[in-house]
Structures are given as C-alpha cells and as structure tokens.
Amino acid sequence: MSSFCREVITLQLGHYSNFVGTHWWNLQDASLSYDHETPPGEIQSDAVFREGQTPGGHITYTPRLIAMDLKGSLRTLRQEGHLYDAGKDTSAVTWEGNLTMHKESPPAKNAFLETLDKLDRGEILAEADFSSSSQPQCSAGSVSVDTVNSRLAQIQRGYRLEGIVRVWSDFLRIHLHPRTISVIHQYNHDGETHRLEAFGQGEALLQGSVLEELEDRLHFFVEECDYLQGFQVLCDLADGFAGLGSKVTEMLQDSYSGRGILTWGLAPVSHPNSTPVKDLYRLHSSFFCPLTLRGGLGRRPSSPTAFPYLNYDPSLWYHSSAVLALALDALTAPYRLRNNSVPMWQVADTLAAAGRKVVAAYGAVPLPMMHGSSLPDALSACADAPPWKPLSACSEPDDGRCYSQWATLRGFEGQRLISCLAPGTTPPTALHSLHSGEDVLASYIGSFYPTAPLALQLVCTPSKLIPPFPQIFSQHLDSQGFLQSQPPPPGSPVPVVSSVPVMTSLQSGPALGPWLSELHGGASGSDIRRMAASFLSHGPEMADYQEALEQLCLLARCYRDDSGGVMRSSSEEDDDD
C-alpha cells in the first residue's frame with residue numbers, strides 16, 4: 001500500500017447502516033491487492049483501511065471504522081474480534097461464595113462463515129496445495145486470492161444466502177479491529193422491550209459511558225492518521241439511531257472543525273415490526289442525504305425503486321443493502337481516488353451551497369452498456385431520460401433545473417469512451433463526435449440540465465462482486481455486467497456477474513423543495529400526544545418540536561423554484577380538497 005493518502009474514518013450507526021456498510025466493506029476488500037509488484041489501482045484503499053500487525057507478527061488490513069449497534073445484533077461475531085485474541089482470561093477469581101453457572105449454546109455459524117474460519121486456519125488453502133495465509137479471513141496473500149474467491153463462489157452457488165442471513169455479521173467477509181464494534185447494551189436488537197425507537201432516545205445516548213467509549217475509539221483512529229480528510233457517517237433513519245447520529249455529527253463538527261463530514265441516512269424498504277407510529281419517527285429524522293429504495297419517506301410510500309436489470313427482493317435487507325452499497329461505492333469514489341481525488345469538504349461545498357444541506361442521490365445500477373460498444377452508444381440509447389433511478393425517495397425534476405450536480409461513472413473497463421468512426425463517416429449523434437469520455441458524459445448530462453454546474457468523475461475499474469454479494473442480476477448481462485449482444489437461449493445458465501458499470505448522480509435542486517415540504521406536512525400534521533411512550537418520555541419538548549418544524553420549513557424554502565412559487569406538500573393539497 002502507498003505511503004501517502006488522505007484518510008477517511010467511517011462511522012456506521014444502526015443495524016441497517018451496518019448491513020449497507022458490510023456490503024460496502026466487502027466490496028473494498030475484494031479490490032485490495034497484497035502483491036507489491038502489481039501496479040496500484042485507481043482507488044486508494046489506504047484511505048479507508050489501516051495497516052496493523054497481530055501478536056504473531058502477521059500484517060493485517062482492517063477498516064478504519066466505528067460500528068455501533070444494539071445488544072443481540074452480533075450473533076456469532078465477537079465484539080473484540082479474533083485478530084488480537086490474547087486467549088482466555090486468567091485473572092484470579094476473588095469471590096469465595098457459591099457460584100451458579102448458566103450456559104447457553106452459541107448461535108451456529110452458517111456455511112459461509114464456517115468456510116471463512118477454515119480459511120483462517122489454512123485448511124482450504126492446504127487442500128489446494130497452498131501454504132497457510134498470513135492475511136486475515138478472505139484477505140488472503142496474493143498467491144491464494146483467486147483460490148479463496150473460487151472456493152467462496154462454489155459455496156455461494158451451493159445454497160442461497162438469502163435464506164440464512166439474519167444480521168449483518170452473517171455475511172461479513174473481513175476481520176474488524178478490536179476497537180471497531182461498539183454495542184449499546186441499554187437497548188435490545190430483538191424483542192418487544194427496551195427498543196431504541198425514538199429520536200430523543202438516541203440523542204440522550206451520547207453521554208456518560210457511550211460518549212466516553214466513542215471518544216476513545218475516535219481518538220485511536222484519528223491519532224494514527226497523517227492527513228485526515230474527514231468522516232463518512234452511515235446512520236439509520238428508521239429508529240432512535242437518527243437522534244444518535246444527529247449528536248454524533250454535532251460532536252464531530254465541534255471536535256474536528258475543518259474536516260469534511262458526509263452523512264448518508266439509510267432507510268430499508270421494509271422494517272421488522274413496523275407500525276404507523278414507528279414510520280412517523282422517520283419523518284423527524286431527515287437531516288442528511290437519504291439513501292433508500294423506498295418509494296418515499298412518508299407513511300404511505302409508493303412502490304420500491306425498480307431497476308431494469310436487477311431482480312432484487314426489496315423486502316430482504318440483504319438485497320436492498322447490496323444495491324445501496326454498490327451505488328455508494330461509486331458515490332464515494334471521488335474522495336477515495338489515488339490520483340485527482342477531491343477532498344470531502346470540496347464535495348460537500350460543491351453540493352451544499354446557500355444553506356441547502358440536503359441532496360438527493362440517483363443511480364443507474366447497472367448502467368446499460370452493450371458489450372463491445374462505446375459510451376456514446378450507451379448514452380445515446382437513453383436520449384429521452386437519464387438511465388438512473390431515485391436512491392433518495394425523491395423524484396427527479398423534469399424541467400432540467402438543478403443548482404449543482406456531481407456525477408460519477410464507474411466500471412467501464414474494456415469499453416470505449418469515445419466513438420471510433422471511420423474517416424468521412426457522419427456521427428450518428430453529437431456524442432459520437434466528441435474526443436474524450438469526460439466530454440461525452442458532460443454533454444449528455446448537460447442536455448438534461450443545461451444550466452446546472454456539473455462536476456464529474458470517471459473511474460475505469462469496477463467494483464468487484466465476489467461472494468457474498470448476492471447474484472441479483474438479469475440474465476441479459478454477461479459476467480462483466482454488460483448487456484449481451486444476443487439474448488441468452490431459453491434454459492441457459494445465468495452467468496455469475498463479477499462486476500457491473502454504475503453511474504450515480506448527487507443533485508441539489510428545486511425537486512427537493514416539494515420533498516422536504518411533504519416531510520414537513522407529514523410531521524406537522526401528526527399529533528405527538530398519540531405517539532408511543534418512548535417518544536413522549538425521550539422526545540423533544542413541545543417548543544423544541546415546533547422549532548424543528550420551523551427549521552424544516554425554512555430548509556424547504558431554500559429549494560423554491562426561481563419563479564418564487566410556494567411549494568406545497570401533498571398533505572396541504574389534500575386538505576384543500
């Protein structure tokens with residue numbers, strides 16, 4: 001790994017955020033290279049990974065990560081991990097009275113995790129006539145990486161992970177640092193009691209031992225950074241973790257001013273044991289860029305986001321979090337590049353000007369590109385509308401107005417960025433006459449947003465999709481995720497997709513005005529006196545609640561259209577009817 005980079009520290013707050021984060025880290029791990037003779041890739045892995053050493057002298061690479069979740073959410077995963085296991089506690093027992101011992105059988109590991117344990121012990125590699133690896137878990141040495149991934153691919157084809165994944169650690173393929181996982185013991189992950197439901201519950205958590213533990217972990221990761229550029233925060237929107245995330249980002253701003261803080265709010269399509277009351281909590285928690293495949297953040301969302309070449313089950317967190325993680329891998333690429341990277345604070349300043357702190361995300365997952373064609377061919381086939389779909393439950397504007405936009409195209413490896421026409425041939429479209437991929441993409445997006453400032457990034461290498469990433473792709477895609485020139489014959493096996501091209505867009509524009517107004521209308525139309533006791537006992541005072549509503553209303557006004565028209569929520573229009 002290289003000796004210089006701008007480090008990023010990641011915080012994952014909540015169970016669904018850890019689902020998305022687990023897929024995201026698995027994608028990062030799949031692209032790591034341990035062969036120092038291999039040319040460095042486009043993505044600077046050192047930005048998010050740290051190098052360490054086990055007591056046995058083995059070099060390890062673990063995420064620069066703090067992951068917070070509730071009691072009972074880890075199942076087979078040990079909070080302190082296994083990399084630096086010091087063995088059993090041999091401290092003397094000082095209690096001299098009678099002892100009563102209660103034993104409980106640990107949860108059984110699924111076959112995927114059992115295979116990872118075998119990789120740790122070198123059993124699978126020994127069977128393949130390879131020496132035992134010094135790298136943790138699937139992050140094997142350069143000699144055995146292909147063998148490891150091939151074996152895991154065989155296992156994934158042998159059964160469906162969809163039927164066994166219950167928590168995010170069920171498909172975590174890498175080791176974590178002992179300071180990564182922080183369990184909040186005051187609240188339960190399962191059960192009907194002691195649930196972290198209300199925004200105020202989460203706000204109240206960041207004090208006492210929880211605050212001390214978080215600060216201790218932050219200091220550990222910050223102090224070993226040479227050029228810390230900032231923090232990326234993944235936070236649940238659906239429960240009390242939204243309140244915790246609010247306090248955490250406030251603490252980061254106070255303690256590390258000048259660093260970039262990009263926060264992504266995660267919401268699943270469906271939530272276990274969801275009720276209308278719990279859905280209302282979501283309305284009071286939107287304070288950063290939402291990432292969700294729900295049709296909306298209100299109580300009655302429309303159908304989940306559909307992608308033409310994905311066959312995912314929106315009700316499975318294992319599926320929906322995989323789609324969001326793949327999009328997030330492209331969205332976060334600009335500040336993780338080895339060359340021509342853009343600092344996090346610059347990304348934020350570009351999109352969040354004039355008090356507009358909320359942005360919407362869109363993604364083409366995958367971008368439909370015909371195998372062997374060119375980028376102008378792919379984009380000209382989408383001349384009527386951009387190929388991306390909403391990733392923030394916010395519909396895209398149809399009038400071309402946008403305050404600012406950041407677009408990223410990733411994974412076009414092996415494809416041509418420009419058209420190669422024979423001399424004298426008339427270009428079929430204006431895109432085919434351009435001479436760089438940046439010009440092609442800028443011209444295409446500019447045709448839909450002619451007046452919007454645009455920043456864009458092109459990343460050649462794709463995200464590597466290896467087990468346990470779910471195979472949720474259409475049979476019309478080949479193994480690299482490109483469209484096949486001929487439809488597959490009936491009954492032919494579906495290819496195992498190892499990568500896909502992805503295009504994403506972050507936008508700040510008038511389309512967010514009605515979306516924020518709808519949130520305001522839903523929140524202001526709710527009688528908080530009829531909410532659950534957890535909200536009333538831990539929620540804000542009525543004056544603070546009204547102030548928050550007013551701030552949301554003011555925020556929505558920042559996105560008014562240029563004509564000065566007042567943007568109205570759907571609930572207000574229903575009241576007029």
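Counting begins at 1 with the first residue of the sequence.
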Exercise for review: Could you check Phe469 against Asn26 for side chain to side chain contact (heavy atoms under 4.5 Å, CB included), going step by step and ending with a plain yes or no?
Suggested key: CA-CA 8 Å; Phe469 197 92; Asn26 288 344; over 6 Å; no

Review point. Between atom CD of Glu114 and atom OG1 of Thr76, what is the distance when rounded to the nearest 0.5 Å?
Key: 9.0 Å

**Study point:** Expected output: side-chain Thr292 to main-chain Ala267 donor-acceptor under 3.5 Å
**Key:** yes

**Study point:** CG on Leu13 to CG on Leu234, rounded to 0.5 Å
**Key:** 8.5 Å

Exercise for review: Could you go through the side chain to side chain contact (heavy atoms under 4.5 Å, CB included) check for Leu252 and Arg259 one step at a time?
Suggested key: CA-CA 9 Å; Leu252 293 176; Arg259 309 295 183 183; over 6 Å; no

Check your understanding: Would you say the side chain of Leu196 lies within less than 4.5 Å of the side chain of Leu70, judging by non-hydrogen atoms?
Key -> yes

Practice item. For this output row, return yes or no: ring centroids of His23 and Tyr318 closer than 6.0 angstrom. Key: yes

Check your understanding: Is the closest side-chain donor-acceptor distance between Glu203 and Ser246 under 3.5 Å?
Key -> no

Point to revise | Donor-acceptor contact present, side-chain Ser392 to main-chain Ala361, <3.5 Å | key: yes

Review point. Does the side chain of Val167 come within less than 4.5 Å of Asp69's, by heavy atoms?
Key: no

Check your understanding: Side chain of Gln415, backbone of Met370: donor and acceptor closer than 3.5 Å?
Key -> yes

**Study point:** Leu218 side chain near Phe231 side chain, heavy-atom distance below 4.5 Å
**Key:** yes

Study note, to complete from the structure: Between Thr305 and Pro390 the two heavy atoms that sit nearest each other are OG1-O, 3.2 Å

Exercise for review: Determine yes or no for a side-chain-to-main-chain donor-acceptor pair under 3.5 angstrom, with Gln229 supplying the side chain and Arg6 the backbone.
Suggested key: yes

**Study point:** Sidechain-backbone polar pair: Tyr362 side chain, Cys394 backbone, donor-acceptor under 3.5 Å
**Key:** yes

**Study point:** Beyond-backbone contact of Ser505 with Pro386, side-chain heavy atoms, under 4.5 angstrom
**Key:** no

Exercise for review: Search all heavy atoms of Leu176 against all heavy atoms of Leu65 and return the closest pair with its distance.
Suggested key: CD2-CD2, 4.3 Å

Check your understanding: Between Asp478 (side chain) and Pro495 (backbone), is there a donor-acceptor pair under 3.5 Å?
Key -> no

Practice item. Mark yes or no for whether Thr22, through its side chain, and Leu172, through its backbone, hold a donor-acceptor pair below 3.5 Å. Key: no

Point to revise | Arg173 (side chain) donor-acceptor with Leu116 (main chain) under 3.5 angstrom | key: no

Review point. In Å and rounded to the nearest 0.5 Å, what is the CD to CH2 distance from Gln507 to Trp388?
Key: 6.0 Å

Exercise for review: Using the ring pair (Phe, Tyr, Trp, His ring centres under 6.0 Å) rule, take Phe49 and Trp25 through it: C-alpha gap first, then chi angles, then the decisive distance, then the call.
Suggested key: CA-CA 10 Å; Phe49 279 96; Trp25 286 109; 5.5 Å; yes

Check your understanding: Which distance, rounded to the nearest 0.5 Å, do you find between the OG of Ser498 and the CD of Gln471?
Key -> 8.5 Å

Practice item. Considering non-hydrogen atoms only, spot the tightest contact between Cys382 and Pro387 and give its length. Key: SG-CB, 3.9 Å

Exercise for review: Please lay out, stage by stage, how Phe473 and Asn311 fare under the test side chain to side chain contact (heavy atoms under 4.5 Å, CB included).
Suggested key: CA-CA 6 Å; Phe473 303 98; Asn311 300 317; over 6 Å; no

Review point. Heavy atoms, side chains only, cut-off 4.5 Å: are Met503 and Leu441 in contact?
Key: yes

Review point. Taking the six-membered ring for Trp, are Tyr16 and Phe19 parallel (under 30°), tilted (30 to 60°) or perpendicular (over 60°)?
Key: parallel

Practice item. Please answer whether the main-chain N or O of Arg338 pairs with a side-chain N or O of Gln44 as donor and acceptor at a distance below 3.5 Å. Key: no

Review point. Would you call Lys464 and Asp329 a salt bridge, taking side-chain N to carboxylate O under 4.0 Å as the test?
Key: no

Exercise for review: Report the relative orientation of the aromatic rings in His177 and Phe221; use parallel for angles under 30°, tilted for 30 to 60°, perpendicular for over 60°.
Suggested key: perpendicular

**Study point:** Gln346 CD to Met344 CE distance, which is reported to the nearest 0.5 Å
**Key:** 12.5 Å

Review point. Does the side chain to side chain contact (heavy atoms under 4.5 Å, CB included) test come out yes or no for Phe412 and Leu375, once each step is laid out?
Key: CA-CA 8 Å; Phe412 52 85; Leu375 181 60; over 6 Å; no

Revision key, fill the gap. Smallest heavy-atom separation, Tyr335 atom then Val347 atom, equals CD2-CG2, 4.5 Å

Exercise for review: Report yes if some heavy atom in the side chain of His476 is under 4.5 Å from a heavy atom in the side chain of Gln484; otherwise report no.
Suggested key: no

Check your understanding: Is the closest side-chain heavy-atom distance between Pro366 and Leu477 below 4.5 Å?
Key -> yes

**Study point:** Salt-bridge contact Arg50-Glu224 (side-chain N to carboxylate O under 4.0 Å)
**Key:** yes

**Study point:** Ser508 side chain to Ser404 backbone, donor-acceptor under 3.5 Å
**Key:** no

Check your understanding: Between the side chains of Thr461 and Glu413, is a donor N or O closer than 3.5 angstrom to an acceptor N or O?
Key -> no

Review point. Do you know the tightest heavy-atom contact between Ser182 and Glu213?
Key: OG-OE2, 3.0 Å

Point to revise | Beyond-backbone contact of Ser45 with Leu32, side-chain heavy atoms, under 4.5 angstrom | key: yes

Point to revise | Exercise: identify the closest heavy-atom pair between Leu291 and Leu324 | key: O-CD1, 3.7 Å

Point to revise | Parallel, tilted or perpendicular: ring planes of His371 versus Phe482, cut at 30 and 60 degrees | key: tilted

Check your understanding: For the atom pair CE (Met68) and OG (Ser17), what is the distance rounded to the nearest 0.5 Å?
Key -> 12.0 Å

